[in-house]
Protein chains: 2
Amino acid sequence: MARKKEFDPEERMEKARDLFWEKGYNATSMEDLVQTMGLNRGSIYDTYGDKHSLYLQCLGNYAAEKLKEHKEAASGTSPMERVENMIRSAVEATVNTGKCCMAVNSTFELAAVDQSVHSIIKNNWKDIVDFFEQLLTDAKAQGEISADKDPKLMAEFIAANFTGLWQTFILSKDKKQVEKLAQFLIDMVKH
Amino acid sequence: MARKKEFDPEERMEKARDLFWEKGYNATSMEDLVQTMGLNRGSIYDTYGDKHSLYLQCLGNYAAEKLKEHKEAASGTSPMERVENMIRSAVEATVNTGKCCMAVNSTFELAAVDQSVHSIIKNNWKDIVDFFEQLLTDAKAQGEISADKDPKLMAEFIAANFTGLWQTFILSKDKKQVEKLAQFLIDMVKH
DNA sequence: GTTATTTTAGAACAATCGTTCAAGATGGTA
DNA sequence: TACCATCTTGAACGATTGTTCTAAAATAAC
C-alpha cells in the first residue's frame, strides 16, 4: 500500500457541487473547480474523473440529499399535514438560502441534451412523486381529500408546482410572494 | 452612402435565437453561431455586437413573440374559455415542437446571475401574468369563478404552472402526461 | 467615373478551455 | 530499511473560447 489521500473526497465534492449549483455546468470551469475545491487538477481527475463525471457525482449526491430532506420534512400527524409541511419546508429552504433546486437548474440547462443527467434527475423526480403519491393515497383513505381525486396525478401536480415556485422566486426575489403562492397551492390541493 | 447588408438582420437573428433556444447560452459558441447564421464573424459583431448582446436581442425577440402568441391563443366566447385555450395552446406548442420555453431555460441558466437577462424575462413574465389577471378579473365579474378568488394570485399560479408543465415534459417526454397535467390545472382553476 | 463609406472575408489574436503527464513526495508493507 | 504503489504537484498540451483587425469587394452619391 501507499499514501492516503490528504483530503476527504466526499467533503471536496460537496464544494464542487455547491459551485455547479450556483453557476451551472457550462459556466463552471475546471480552473474554478481547482480554486473552490482547493485541490490540484491532477487530484481532481484522479479522484473523480473528468469534469462531466464529477458533475454527475455532484448531481447524484444532491439528488440523494434532497430526497432525504423531503422525507425528513414530511412530519405531521396526518398525511395531508405531512404534504403541507413538505411544501412549506421546500419553500423555506429556498427563500432562506436564496438558491433554488440544483436538479431543476440542471433540467433546463442539460436534461434535454444530456442522457446521463436526464436519467439521474428523472429517477430522483420519480422518487419524490412516488413519495407524494403514497401520502396522498393515505390522505384519500382517511378522507382528507375527496374520493374522486387521483393521488398519482395530484402528486405530479404538486411536484411540478415546486418548479413553478422556484421560477417565481428567481424572478420576483420576493419571499412573501413565493409563500403566498405555496399557500395557494396547498389550498387548491386540500380544497 | 455605401453598401447595403446582403442579409436580413432580423431573419438571421432568428436563426441565432433558435440555436440559443436549443443549446442554451453558454453551450453555444461563436463558431456555432457563425455556422448557423451563415454569416462571417465580422458581420455578426458589426450588426449585433458581441455574443452577450446578440443573446439579449434574441431573448427580447423571443419574449415579444411569445407574448403575441399567448394573446393570439386567447380566443373564446368567455374569459375562462380564453384562459383554457391559452393553457392548451402552450402545451400543444411544446409537445408539437418538442421545445420548451426559451425564457424559462434562460431563467434557470442565467437569470440568477445576469441582471440584463433577469430584467427581460421578468418584464415578459409580468406582461403574461397581467394578461391572465385581466381575463380572470373578467371571469370573476361574470361569475365564471367564485367571488372569493384573487385574480392576481391565480394568474401568478397559472403562469408558474407553465414552468412545471415544461419541466414535466422535459423529464417524461410524454405528451399524454403533460396534457393530463394541464387538464388537471384547468380543472383546479375552474373548480 | 470617381469618391466615400460600408460590408465582407478570413486570418489572427490572447485568453481560457478541459485534459494529460512526468517527476517528486509520502507512507504502509515486507 | 528498502520497496513501490499511490498521491501530489505544477508545467504543459492542443483545442477552442470570444474578439479584433486588415485588406479586398461592393455600392450609393456626387
Side-chain angles (χ1 to χ4, degrees), chain A residues 1-61 105-106 109-110 113-117 120, chain B residues 1-60 105-106 109-110 113-117:
Chain A
M1 288 300 115
R3 287 179 71 178
K4 288 171 66 181
K5 283 191 197 300
E6 291 180 358
F7 60 93
D8 176 3
E10 180 85 7
E11 172 216 338
R12 300 297 174 108
M13 185 189 62
E14 286 172 11
K15 294 198 173 195
R17 189 233 306 141
D18 290 347
L19 188 64
F20 279 131
W21 191 352
E22 184 193 330
K23 304 187 64 172
Y25 177 73
N26 285 302
T28 301
S29 72
M30 218 53 205
E31 179 61 26
D32 291 334
L33 290 165
V34 167
Q35 298 301 326
T36 301
M37 298 174 81
L39 293 179
N40 186 276
R41 302 173 118 70
S43 297
I44 296 178
Y45 277 85
D46 185 61
T47 308
Y48 309 97
D50 63 15
K51 182 188 173 189
H52 188 254
S53 167
L54 171 59
Y55 182 78
L56 294 182
Q57 292 167 61
C58 290
L59 188 59
N61 168 285
N105 293 347
S106 189
E109 187 191 356
L110 301 172
V113 293
D114 187 319
Q115 175 58 43
S116 306
V117 167
I120 291 174
Chain B
M1 289 298 118
R3 284 178 73 178
K4 288 169 64 181
K5 282 190 198 303
E6 289 180 358
F7 60 94
D8 177 2
E10 180 84 7
E11 173 216 337
R12 300 298 174 110
M13 185 189 61
E14 286 172 10
K15 294 199 174 196
R17 182 215 336 123
D18 289 348
L19 188 64
F20 278 131
W21 192 352
E22 184 193 330
K23 304 188 62 171
Y25 177 73
N26 285 302
T28 301
S29 72
M30 220 53 205
E31 178 62 27
D32 292 334
L33 290 164
V34 167
Q35 297 301 325
T36 302
M37 297 173 82
L39 293 178
N40 187 275
R41 303 173 116 71
S43 298
I44 296 178
Y45 276 86
D46 184 61
T47 308
Y48 309 98
D50 63 14
K51 183 188 172 188
H52 188 254
S53 167
L54 171 59
Y55 182 77
L56 294 181
Q57 292 167 62
C58 290
L59 189 59
N105 293 347
S106 189
E109 187 191 356
L110 302 172
V113 293
D114 187 318
Q115 175 57 43
S116 306
V117 167

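Because the structure is predicted, anything quoted here is derived from the model rather than measured. Chain A is the first sequence line, chain B the second, and so forth, proteins listed ahead of strands; every chain is numbered from 1.
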Remember a base hit wins even if backbone is also touched, and classify [X] as base, sugar-phosphate or nothing at under 4.0 Å, heavy atoms.
| X | result |
| --- | --- |
| Asn40(A) | base |
| Ser29(A) | sugar-phosphate |
| Thr28(B) | sugar-phosphate |

Which whole-number value in Å describes the distance from [X] [atom1] to [N] [atom2]?
| X | N | atom1 | atom2 | result |
| --- | --- | --- | --- | --- |
| Arg41(A) | dT19(C) | CZ | P | 10 Å |
| Arg12(B) | dT7(C) | CZ | P | 15 Å |
| Lys51(B) | dT16(D) | NZ | P | 15 Å |
| Asp8(A) | dC7(D) | CG | P | 14 Å |
| Ile44(B) | dG18(D) | CD1 | C1' | 11 Å |
| Met30(B) | dT16(D) | CE | P | 17 Å |
| Asp46(B) | dA9(C) | CG | P | 13 Å |
| Tyr48(B) | dT8(C) | OH | C1' | 14 Å |

Determine yes or no for a side-chain-to-main-chain donor-acceptor pair under 3.5 angstrom, with [X] supplying the side chain and [Y] the backbone.
| X | Y | result |
| --- | --- | --- |
| Arg41(A) | Val34(A) | no |
| Tyr25(A) | Lys51(A) | no |
| Glu109(B) | Asn26(B) | yes |

Q: Return no unless some side-chain N or O of Ser43(B) is found under 4.0 Å from OP1 or OP2 of dT8(C).
A: yes
Q) 5'-most contact on DNA chain C: Gly42(A) or Ala27(A), nearest heavy atom basis? A) Ala27(A)
Q: Give the intermediate values and the outcome of side-chain contact (heavy atoms from CB on, under 4.5 Å) for residues Phe20(A) and Leu59(A).
A: CA-CA 9 Å; Phe20(A) 279 131; Leu59(A) 188 59; over 6 Å; no
Q. Is the closest side-chain donor-acceptor distance between Asp46(B) and Ser43(B) under 3.5 Å?
A. no
Q: Output the single nucleotide from dT9(D), dA9(C), dG18(C) whose closest atom is nearest the side chain of Tyr45(A).
A: dG18(C)
